[in-house]
Structure formats: C-alpha cells, structure tokens
Amino acid sequence: MSVDGIPETPFALGADDLVRLDAIQEALLDPSPRRIGRLDQWGLADEYETYAEIARYSEVALTMSDGTVLDAALSVPRDLAPGQTRPAVVLPAPLVNIGHRAYLGMIARWALGGYVVLAYSQRGLARSTGEIHVAGPQDVADAGEVVDWLLTNSEVDPQRIGWFGASYGAGTSLLAAANDQRVKAVAGTSVWADLFASLYENGTRHLKAFEALVQLFGEDRCSPEFRGIIQKIRANTIDDEVREFARVRSPKIHLKTYNDAATAVLLTTSWHETIFSVPAVIDFHNGLTGPKTLLVQVGDHGNPELPGLAGLSAKPTDMAYRWMDHHLGGGAGDGAEPRFDVRSEYMFNPLSDVRHSSWADYVLPKKRLYLADAAGHNDGQGDGRLVDDAPAAGWTRSLKATGKGTDIVVAPKLVQTGLAERLGLPHVYRTADIDRGLAAVFATAPLEGPARVRGDLELRVTVKAQRADATIVAYLLDHNPATGRAHIVTHAPYTLTSEEAGEATTVTFPLQPADYVVAKGHRLQLVIDTHDPFFAYENTITPVFTIDLTSPEGAESYLGIPLHPIG
C-alpha cells in the first residue's frame with residue numbers, strides 16, 4: 001500500500017484485506033463454527049454459514065496436457081438430484097500475486113446464485129507452474145482444457161458456461177470465448193481489446209505502464225518469447241514480431257467469431273485508464289452485434305471493481321452477476337434484467353449514472369476550437385487562445401525539448417491517481433507555474449454557463465522539430481481562474497515517426513475520449529508539452545533541441561471537442 005492508503009498496483013490488497021481473505025479461505029475449506037465465527041468481525045458469518053449449507057469448496061490442481069499444473073478452486077452445489085446440472089462460471093485470475101484467491105470474496109455470491117464456480121491462476125501466475133505467455137495461444141489452449149475438466153468433474157450444463165475476469169482475467173476470458181463455443185457469456189472488467197494499441201499510442205510507447213505490468217508478471221517467470229518482446233519494446237524495436245505478439249492476444253481480431261456465435265459480452269473500463277487502450281475497447285464494443293453492454297467509470301485500471309472482488313457492491317460486479325443470470329439462468333444478481341447499452345459516469349463523480357442505447361447515441365457532435373495567438377499579438381508571446389469563430393494562421397510557439405517536462409502529467413502515479421479520483425480527490429495542477437519555454441498553453445474564455453464534454457476528441461497541429469522522432473504530449477485541462485487550480489480532462493501523445501528533422505508536418509491525432517462537466521466561469525486549457533514520464537521516446541536524449549508548433553494557412557490548428565452547454 002502507499003503512504004496514502006491507496007494501492008500501488010491494480011488489485012493490490014492491504015494487510016487487513018489479506019487477513020480477511022485468509023479467514024474466508026479457511027472458512028470455505030473448514031466450515032466449522034470456529035472458522036465461520038471468525039468472519040463475524042467483517043459481518044460475513046451469516047453469508048458463509050449459508051454457503052456451507054448449500055455448496056462445497058475445495059482447492060484443486062488442474063494438470064494440462066503438457067504437464068503444467070494450474071492452481072485452482074472449485075465450488076459445487078450440495079445435494080444435486082441425479083442428472084441435475086447447474087450453470088457454471090469460470091474465473092481466470094487478474095494479474096496479482098495471490099492469483100485466483102483475488103476472487104474469494106465473490107465465490108459465495110456465485111454459489112448462492114446456484115452456480116458451479118471454478119477459479120484458477122493462469123500458467124506461471126501465483127502458485128501455478130509453467131511460464132507466463134500473456135494470454136497467448138498456450139493460455140487459450142489451457143482455457144479449453146479447463147472447460148473439459150469442469151465438465152468431467154462437476155455437474156455442469158454444457159450449454160450454460162460463462163467466464164468472468166478482471167484485467168488479465170478479462171483478456172483471458174474473451175480469448176477463451178473466441179476459441180471455445182461452449183462459452184456463452186463473458187464479463188470482463190478493466191478489459192483490453194487491442195494489446196498493441198495499449199502499448200503503442202500514436203507512435204509512442206506506454207513504457208511506464210508496460211514496465212509496471214512486467215514487474216507484476218515477474219520477468220523471471222515469463223516465457224522466452226515474452227522476454228524477447230520485453231527487450232524489443234524497451235529498445236523501441238517495434239517490428240513485425242512485436243505486432244504479431246500483440247495481435248494474437250487481442251480480442252478485436254475475433255469480432256466475427258463473437259458475432260457469429262452471438263456471444264454475450266459485457267465490458268468495463270475507466271476514463272483515465274493508464275494500462276489498456278480505452279478507444280480500442282469502445283471500438284470493439286461498437287463492432288459487436290450480439291448481446292453487449294459497455295460500462296465506463298471514473299478512475300483508473302482496476303479501481304471500480306475492487307470492492308466487488310472483495311464481495312461488496314460495485315457496478316462492474318453487480319452488472320456481471322445480472323449478466324450471467326440473464327444468459328445462463330442463475331440467481332446471483334438482484335433479479336433485475338441487464339440493459340444492453342452504454343453506461344457511464346462523468347468525471348469526477350462516481351455516483352453519476354448516465355445511460356444511452358449505443359455509443360453513437362451517447363457521444364455529442366464535435367466542434368472546432370481553433371488554436372490562436374494571444375489577443376492583439378501575432379508574435380508567439382503570451383498564452384494562446386482557443387476560439388470558435390474562425391481559423392487562426394501565422395503563429396508559432398517554440399518549445400525546448402530538454403528531456404524534462406512540466407508538472408502537467410498524465411497521472412502522477414499509475415492506478416493511485418485514478419483511485420483518488422474515485423474518492424473525490426482528483427490531482428490538482430497549477431498551470432500558472434508551467435514553464436512556457438517547455439510547453440505551449442491555449443485557453444478558452446471563461447465559460448458563460450456549465451458545459452459538458454462527452455465523446456471523442458482530436459487535435460490538429462503542425463509540428464517542426466530539429467530532430468526526427470520527436471514527441472509532443474497534449475493535455476486538456478479544466479481550469480478555475482478564481483483558484484488557479486486545474487484538473488485533467490484528457491490527453492494523448494504523438495511521436496513524429498519517420499519524419500525529416502526540420503520539416504514542418506501537420507498531424508491530426510485522437511485524444512482519449514472523455515465525459516466531463518465544466519463549471520460556469522471555468523476555462524478549458526490545452527497544454528502541449530514535450531515530455532511526460534508516462535511515455536518513452538527520444539526527447540530524453542541530449543542535446544536540447546527545439547520543437548516549433550505552427551498553424552499554416554489552409555491547415556490551421558484546432559481542437560475537435562464535443563463541448564455543449566448544459567440546460
């Protein structure tokens with residue numbers, strides 16, 4: 001845990017959480033009054049006493065055809081009549097050192113709903129043997145053998161099998177469904193759809209997030225293939241091998257399979273997700289034609305579902321229970337029917353709940369805010385403006401790429417910053433303190449009334465750098481002139497790959513989608529920087545060089561933004 005009490009990694013648990021999980025595990029294995037009584041301090045004794053009456057829990061070893069042993073746990077209903085079968089849910093582990101034990105808090109809820117439950121740790125993870133392949137073909141083959149084992153060793157209806165997973169488990173679940181028609185429904189939280197887009201955005205490596213994932217996997221436990229990919233990404237060797245490694249691990253390539261089988265797919269992500277690409281998840285959702293739902297929430301990777309994994313109420317897990325009940329015939333949810341739509345929260349209000357029939361119905365149309373020079377100036381002095389009345393050409397902003405950026409960053413801490421947002425504590429930026437030699441700032445006039453930003457954004461700007469492969473990072477901020485405080489709305493990097501040094505190049509690139517309410521009197525500020533420690537690129541190499549931002553006639557710079565008044 002961090003000094004602020006916020007987990008440092010996705011699904012990280014503190015000492016108290018681990019003690020509770022240990023107590024749950026002991027009560028499941030030995031449902032004696034003494035063991036179950038210990039759960040009373042968390043208000044769980046009655047739930048697990050009921051569980052012991054209706055189901056049996058055991059820890060099992062699943063031996064794959066190549067001899068790899070997967071650590072697993074099985075929950076089966078008691079007293080089934082001869083020939084009676086039940087629906088089943090398989091839970092592949094998230095990327096956490098306790099493996100499938102991360103789901104212990106959910107098992108009683110699934111069991112009380114009449115499900116057979118099998119939770120397991122993928123090969124190389126936690127107590128499972130073998131090497132980590134990152135949801136590769138070997139893991140997909142394992143998933144098929146897991147279903148085989150489940151059908152052989154428990155009374156499961158082969159027509160009512162679903163998979164639920166968080167993060168690494170979400171990707172595993174989707175890929176398992178694409179390769180096994182016995183999987184009828186999937187629910188994936190903090191999911192990925194395109195692994196390459198998650199690693200490499202607009203020509204820029206997400207190296208900080210990548211290294212965090214490698215640390216969680218444990219490099220010594222990774223397969224030789226994956227270790228080779230790790231070294232290539234670190235060296236910025238983004239070749240066909242890297243692309244193919246990511247491609248075969250991307251659910252998006254199986255869209256036709258999901259659609260042909262009408263697989264029911266529930267997806268969840270977060271607006272400030274720093275691990276997996278949010279636009280890729282949205283595109284994947286939009287491409288599905290079968291039963292589908294998308295939930296986008298406040299926070300970062302793994303934040304919103306964490307209480308649900310612990311057995312508490314959370315939108316992602318509550319929706320997953322309803323999803324499986326509807327498609328598999330269980331009773332773990334609240335009895336409400338799932339809705340097939342787009343459901344979201346807006347920043348930074350996790351209590352908000354906005355619903356639309358589709359992403360197309362959800363997003364607002366974009367307008368253009370043109371990047372202009374300071375009022376009365378055409379000399380690059382003073383902060384620029386964002387104006388909607390006419391394109392503005394002829395200005396230039398010269399930035400120094402020194403290998404150090406400003407205090408404006410995507411997220412000061414992976415995962416922790418997003419969780420603080422869910423707790424109502426978004427990070428505060430002070431844009432008055434920005435070194436204008438390192439970043440350019442463009443701002444709207446104070447808004448005459450509250451307005452909403454909802455949907456996709458894009459930025460067009462002309463860049464002339466003294467070095468090839470230069471990178472810029474764009475941030476959109478909500479700034480309160482009365483206090484000087486600003487909060488991040490969205491961002492994106494862009495790297496000028498394969499461009500000539502000193503050649504002016506007009507680029508148009510997407511920013512992360514957003515759902516944000518800007519208060520009356522606040523301003524939107526666009527900050528274009530040359531460095532963010534979240535990304536890896538060549539700007540960190542000395543000597544210092546210059547990046548010019550310009551707006552030539554006929555290719556004027558603009559911010560495309562779905563900004564609309566409220567009310």
Side-chain angles (χ1 to χ4, degrees), residues 92 94-95 122 133-141 143 163-181 183-206 209-210 213 226 229 233 238-271 273-296 301 316 323 340-342 358-360 362-363 455-456 492 509-513:
L95 184 52
Q122 297 90 312
H133 293 260
V134 199
Q138 183 62 68
D139 296 300
V140 173
W163 282 56
F164 168 87
S167 184
Y168 188 43
T172 304
S173 296
L174 281 169
L175 293 166
N179 287 273
D180 194 330
Q181 296 299 300
V183 181
K184 304 302 181 185
V186 177
T189 67
S190 290
V191 71
W192 82 79
D194 184 338
L195 197 55
F196 187 77
S198 301
L199 297 172
Y200 202 63
E201 179 186 1
N202 299 330
T204 313
R205 288 170 293 156
H206 284 210
F210 175 73
L213 290 174
F226 184 30
I229 296 296
I233 291 174
I238 311 301
D239 59 11
D240 289 344
E241 183 183 11
V242 173
R243 293 176 183 275
E244 180 62 12
F245 181 90
R247 188 191 72 83
V248 300
R249 290 161 172 81
S250 297
K252 73 167 192 175
I253 69 171
H254 300 293
L255 263 175
K256 185 176 187 303
T257 300
Y258 300 122
N259 292 339
D260 289 348
T263 307
V265 179
L266 166 66
L267 307 168
T268 85
T269 187
S270 300
W271 290 118
E273 165 79 44
T274 56
I275 306 295
F276 298 134
S277 169
V278 177
V281 171
I282 293 168
D283 289 345
F284 176 63
H285 166 82
N286 290 342
L288 292 168
T289 58
K292 62 180 180 178
T293 293
L294 172 67
L295 169 66
V296 192
H301 189 84
W323 193 252
F340 305 93
D341 57 7
V342 172
S358 66
W359 183 257
Y362 168 78
V363 300
D456 305 304
F509 58 96
L511 279 68
Q512 299 293 320

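Of the inter-residue distances, the one linking S167 atom OG with L213 atom CG reads 7.0 Å to the nearest 0.5 angstrom. For the atom pair CG of D194 and CZ of R247, the computed distance is 11.0 Å after rounding to the nearest 0.5 Å. Here the straight-line distance linking atom NE2 of H133 with atom CZ of R249 works out to 8.5 Å at 0.5 Å rounding.
By the 4.5 Å heavy-atom criterion applied to side chains, N259 and L288 are counted as neighbours. Between S250 and F196, the closest side-chain pair of non-hydrogen atoms is not below 4.5 Å. Contact of the L174 side chain with the Y258 side chain is registered, since non-hydrogen atoms from C-beta on lie closer than 4.5 Å.
By the side-chain contact (heavy atoms from CB on, under 4.5 Å) test, T257 pairs with Q181, H254, sequence neighbours left out. Scanning for side-chain contact (heavy atoms from CB on, under 4.5 Å) contacts around A492 gives E201, N202, F509, L511, with sequence neighbours left out. For Y362, the ring pair (Phe, Tyr, Trp, His ring centres under 6.0 Å) partners two or more places apart in sequence, or in a different chain, are H356, W359. Judged as a ring pair (Phe, Tyr, Trp, His ring centres under 6.0 Å), and not counting sequence neighbours, the contacts of W323 are H327, F340. For N179, the side chain to side chain donor-acceptor pair (under 3.5 Å) criterion is met by no residue, not counting sequence neighbours.
Under the 30°/60° scheme for interplanar angles, the aromatic rings of F210 and F226 are found to stand perpendicular.
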For the pair F245 and V134, evaluate side chain to side chain contact (heavy atoms under 4.5 Å, CB included) and give the outcome as yes or no after the intermediate values.
CA-CA 9 Å; F245 181 90; V134 199; 4.1 Å; yes
Donor-acceptor pairs under 3.5 angstrom involving side-chain atoms of residues 275-287: please list them, not counting sequence neighbours.
unit_1	atom_1	unit_2	atom_2	d
S277	OG	A280	N	3.2
N286	ND2	I282	O	3.4

